[in-house]
Amino acid sequence: MINVVIFGPPGAGKGTQSDKLIQKYGFVHISTGDLFRWHTKNETALGKRVKEIMNSGALVPDEITIAMLKEELDKNPKAAGFLFDGFPRTVPQAEALDKFMKENGSAIHHVIALDVTEEEVRSRIAKRRTIENRADDEDEKLNKRIMEYFGKTIHVLPYYEKQNRLKTINGIGSVEKISGEIAQALDAK
Ligand code: AMP
């Protein structure tokens, strides 16, 4: 079984494509964003530490994020394959993930990057905003998240590219077309 990272900016369609991949391949889905939201909602000690950071749209420090991810991996020792969504977002996170997978005699086999430009993301969000009439603080947070992606997270891609593990897929198009291309990349020998 394979382990996959799905990568892309906010609004790229990672959530939609993750659902399709889970259905098709039966991955154990690890979304660090979902895990952090669970912790803040349930007011755990970790949740209290990260609440303000998340509310601002900034990245949670690596040390906290990596420890949470490791705990999640340890909870699933028998997983046939993982789909990582929203992790890694920095090079130290990518290195930690490789180390953990290696310790389990496994590896990250594919990194699927949904390619959507900053301009397209902003235009999608602007459209959504006119429909949903979102609050200003939400706008600010989203803006910060987009800046975090294009300022920091995108620098993880060369890490995987150098090791020939990166497959970039055009994130603009129908859900079916994109999921078909992802499946092709994953099934390729
Ligand atoms: P997401 O739903 O993946 O966009 O994540 C929501 C928020 O959780 C982000 O804006 C960050 O504050 C935090 N977060 C999620 N994953 C990570 C990560 N890998 N590294 C740092 N912060 C993260």
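Listed by chain and number, the residues in a side-chain hydrogen bond (donor to acceptor under 3.5 Å, both in side chains) with Gln163 are Arg165 (sequence neighbours excluded). Contacts of Ile2 classified as side chain to side chain contact (heavy atoms under 4.5 Å, CB included), with partners at least two apart in sequence or in another chain: Val4, Phe27, His109, His110, Leu186. For Asn170, the side-chain hydrogen bond (donor to acceptor under 3.5 Å, both in side chains) criterion is met by no residue, not counting sequence neighbours. Evaluation of the salt bridge (charged side-chain N to carboxylate O under 4.0 Å, His left out) rule for Arg124 yields Glu120 as partners, not counting sequence neighbours. Contacts of Thr168 classified as side-chain hydrogen bond (donor to acceptor under 3.5 Å, both in side chains), with partners at least two apart in sequence or in another chain: none. Scored by the ring pair (Phe, Tyr, Trp, His ring centres under 6.0 Å) test, Phe84 finds Phe82 as partners (sequence neighbours excluded).
Under the side-chain contact (heavy atoms from CB on, under 4.5 Å) test applied with Tyr159, the options Asp98, Thr90, Leu166 reduce to a single match, Asp98.
Remark: Glu119 CD is loosely packed, at most 12 non-hydrogen atoms of other residues, nucleotides or ligands lying under 6.0 Å away. Summarising the local packing, CD of Glu71 is surrounded by 12 or fewer heavy atoms from other residues, nucleotides or ligands at distances under 6.0 Å.
Under the 4.0 Å criterion applied to side-chain N and carboxylate O atoms, Glu103 and Lys99 are assigned as salt-bridge partners. With respect to the salt-bridge test (charged N to carboxylate O, under 4.0 angstrom), the residues Glu181 and Lys177 qualify.
The main-chain N or O of Gly8 is found under 3.5 Å from a side-chain atom of Lys14 such that the two form a donor-acceptor pair. Between the side chain of Asp34 and the main chain of Ile30, no donor-acceptor pair closer than 3.5 Å is present. The main-chain N or O of Pro61 is found under 3.5 Å from a side-chain atom of Thr65 such that the two form a donor-acceptor pair. Checked by atom type and distance alone, the side chain of Glu161 never pairs as donor or acceptor with a backbone atom of Leu157 at under 3.5 Å. A distance-only check finds a donor-acceptor pair linking the side chain of Gln17 to the backbone of Val175 [under 3.5 Å].
For Ala94 against Tyr160, the heavy-atom pair with the smallest separation is CB-OH, 3.5 Å. The shortest non-hydrogen separation linking Gly57 to Arg145 is O-CG, 3.5 Å. What you find for Leu59 and Ile53 is that their closest heavy atoms are O-CG2, 3.4 Å. Taking all atoms of both residues into account, the shortest heavy-atom contact from Phe150 to Thr117 is CZ-C, 3.9 Å. Across all their heavy atoms, Lys24 and Ala183 have their closest contact at CE-CB, 3.6 Å. In terms of heavy atoms, Val121 sits closest to Pro9 at CG2-CG, 3.7 Å.
Contact of the Thr44 side chain with the Arg49 side chain is not registered, since no non-hydrogen atoms from C-beta on lie closer than 4.5 Å. A 4.5 Å side-chain heavy-atom check between Leu46 and Leu35 finds every atom pair outside the cut-off.
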Next on the checklist: Pair Met1, Tyr25 - check side-chain contact (heavy atoms from CB on, under 4.5 Å), show working.
Outcome noted: CA-CA 9 Å; Met1 191 57 181; Tyr25 296 93; 4.0 Å; yes

Item to check | Ile112 vs Leu21, side-chain contact (heavy atoms from CB on, under 4.5 Å): CA-CA, chis, key distance, verdict | outcome: CA-CA 11 Å; Ile112 300 292; Leu21 289 170; 5.9 Å; no

Next on the checklist: Apply side-chain contact (heavy atoms from CB on, under 4.5 Å) to residues Tyr149 and Ile154 and explain how you reach the verdict.
Outcome noted: CA-CA 6 Å; Tyr149 179 81; Ile154 207 161; 4.0 Å; yes

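Summarising the geometry, atom CZ belonging to Arg89 is positioned 5.5 Å from atom OG1 belonging to Thr32; distances are rounded to the nearest 0.5 Å. Separating the CD atom in Gln23 from the OG atom in Ser18 is a distance of 11.5 Å, to the nearest 0.5 Å. The line from NE2 of His39 to NZ of Lys51 is 15.0 Å long, rounded to the nearest 0.5 Å.
A continuous path of ILVMFWY side-chain contacts below 4.5 Å connects Leu97 to Ile64, so both sit in one hydrophobic cluster.
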